[in-house]
Undergrad: 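Got a structure for you, written out below as structure tokens; questions coming shortly.
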2 protein chains.
Amino acid sequence: MNEAFSIGSTATGPLYKAVQHEIVKSLMQGEWKPGEAIPSEVRLAKRYQVSIGTLRKAIDDMVTANILIRHQGRGTFVATHNHTRQLYHFFHIVGTDGIKRYPDIELKSFIRGRASTHVSRSLMVSRNAEIFRIVNVVTLSGAPIAVDEITLPRGLFPGLTRGIVQQRDTTMYGLYQTRYAINVVHTQERLRARGAPVRSAALLGLSEHDPILEIERTACTYNEQPVEFRVSHVNTRNHDYLNDLM
Amino acid sequence: MNEAFSIGSTATGPLYKAVQHEIVKSLMQGEWKPGEAIPSEVRLAKRYQVSIGTLRKAIDDMVTANILIRHQGRGTFVATHNHTRQLYHFFHIVGTDGIKRYPDIELKSFIRGRASTHVSRSLMVSRNAEIFRIVNVVTLSGAPIAVDEITLPRGLFPGLTRGIVQQRDTTMYGLYQTRYAINVVHTQERLRARGAPVRSAALLGLSEHDPILEIERTACTYNEQPVEFRVSHVNTRNHDYLNDLM
DNA sequence: AAGTGGTCTAGACCACCAT
DNA sequence: TGGTGGTCTAGACCACTTA
């Protein structure tokens, strides 16, 4: 990478968008890793040959998208999927009291398989593509609250094993991030109420057909590329799914 | 209102925040009404005695909050709750095909009453405060999809009648906006699956205890002041609740 | 004290829209 | 053509963190 790299003369849109694209490129190539600080604003402004204002505007968007985090006096950091911070906001389940507690995750199964039609559409892979299927049980203060069935394209997660998933000390998204440099920055969810399917009911201690909340989530990385498909079955008897909108 | 109004010398935080506060004040006082353009950026910059950059920064936040809308070459406008645009994104129900259609609303009941404990907490009014209670049935392409039970503090909506609600030609939020100058800019929702309560089941053509999606929503205006509490019961057999997160 | 991000200025020019 | 928002610059100074 050229330290004095001039962009924008290609003239395809605003300069700060081009800068943004360069920064995303560096993130994808792992030049700056999650948790690390990226170079200071003045340094980056010099590197891309733009003014400090333009550079800041490029970063602004990525900060609101929770990809970068600014700390006054310290620097600008690549967001992590730590338990305690930031992108962890993809977890929405709270107790009826409204307080967010952090869940415990127990791995129930880990298998190799092929993508169903439904899954393949969401992951934008071909039908019968090779996938991993992971089932987790989510418990909050001792009680099982949700069952997550996670589907990952094997191509994006080479060498993933049951042991790796089991021994991780972060969230799943933290695992994608640290081990595969895959950064989940966007999710799309579809929610519906339905009767509990047998397997989930059993794991949650419910009767079949008890009402549960089903959440289908597609998680995407930088260029809207899907990296995970997840179906969650949530027992909302004592918990709610919280959604803040502006 | 002083045309050359200097702010910020009070020195309580960033200048652009103070400007923002002034703009919100003008919005609340109805100086600029929904759908209208606010004065141009240069004009506002002069009025508040700040640079154009600072003025733009003040507006930036309000644009991302969907309170103002910029149109290059035309001006900056106060957002409206029109069917076709903008703040209508508080409606999340889509068909299983993922396409968003606009619902028809039928008023089922309109009564005066007193706030329950639960409602009073959400609306931040005293227990037994005077309220309106409105029940709507939402239909999508002919089929009843949801029942909305809306609670409004009577103090904020003086003179509201069944007829006014029935004859409106906008959404409820459009009504609040045009008739009471109340702008809903933020909602907080809690979702859960449960068995359909008798009344909703009847209106939706379901059996009692069929699984439905229950949504409790508190809608707020500018200073996080709650203005509406709403419980929706949604039949998610053929429809989903869509949620995009970044 | 040195380095970082946060605010603010006073311009310039461009892209778009109405007339 | 004139007015609007959109981009971009090249600085200045402030607030905060770390050493």
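A, B, ... follow the sequence lines: proteins, then strands. Residue 1 opens every chain. What you see below is based on every heavy atom in this structure, not just the backbone, and it leaves out hydrogens, waters and symmetry mates.
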Undergrad: Are any protein N/O atoms closer than 3.5 Å to N/O atoms in nucleotides 17-19 of chain C? If there are, list each pair with its distance.
TA:
none

Undergrad: Only counting residues at least two apart or in another chain, list the ones meeting ring-ring contact (aromatic ring centres under 6.0 Å, His included) with A:Phe229.
TA: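 In terms of ring-ring contact (aromatic ring centres under 6.0 Å, His included), with neighbours along the sequence ignored, A:Phe229 is linked to A:His118.
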
Undergrad: Sequence neighbours excluded, which residues qualify as side-chain hydrogen bond (donor to acceptor under 3.5 Å, both in side chains) partners of B:Thr54?
TA: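 Checked B:Thr54 against side-chain hydrogen bond (donor to acceptor under 3.5 Å, both in side chains); matches are B:Ser51.
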
Undergrad: Taking CD1 from B:Ile69 and P from C:dC16, how many angstroms apart are they, rounded to a whole number?
TA: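 Interatomic distance, CD1 of B:Ile69 to P of C:dC16: 20 Å.
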
Undergrad: Go through the side-chain N and O atoms of A:Asn183 and A:Thr221 and say whether any donor and acceptor fall under 3.5 Å apart.
TA: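 Their side chains do not contain a donor-acceptor pair, so the 3.5 Å distance test is not met.
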
Undergrad: Can you name the side-chain hydrogen bond (donor to acceptor under 3.5 Å, both in side chains) partners of B:Glu189, sequence neighbours left out?
TA: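 Partners of B:Glu189 under the side-chain hydrogen bond (donor to acceptor under 3.5 Å, both in side chains) test: B:Arg217, B:Tyr241.
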
Undergrad: According to ring-ring contact (aromatic ring centres under 6.0 Å, His included), who are the partners of A:Phe77, at least two apart in sequence or on a separate chain?
TA: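 Residues passing ring-ring contact (aromatic ring centres under 6.0 Å, His included) with A:Phe77: A:His71.
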
Undergrad: Identify the 5'-most and 3'-most nucleotides of DNA chain D with at least one atom closer than 4.0 Å to a non-hydrogen atom of chain A.
TA: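 From 5' to 3', the first and last contacting nucleotides are D:dT7 to D:dT18.
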
Undergrad: Output the rounded distance in Å from CZ (A:Arg56) to P (C:dT4).
TA: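 About 13 Å, once rounded to whole Å.
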
Undergrad: Ion pair present between B:Arg192 and B:Glu216, side-chain N to carboxylate O less than 4.0 angstrom?
TA: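 Counted as a salt bridge, because a side-chain N and a carboxylate O are separated by less than 4.0 Å.
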
Undergrad: Do B:Glu22 and B:Arg47 touch side chain to side chain, with heavy atoms closer than 4.5 Å?
TA: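 No, too far: nothing below the 4.5 Å cut-off.
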
Undergrad: Quick check on side chain to side chain contact (heavy atoms under 4.5 Å, CB included): which of B:Val234, B:Ile215, B:Asn243 does B:Leu191 satisfy it with?
TA: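 Only match with B:Leu191 under side chain to side chain contact (heavy atoms under 4.5 Å, CB included): B:Ile215.
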
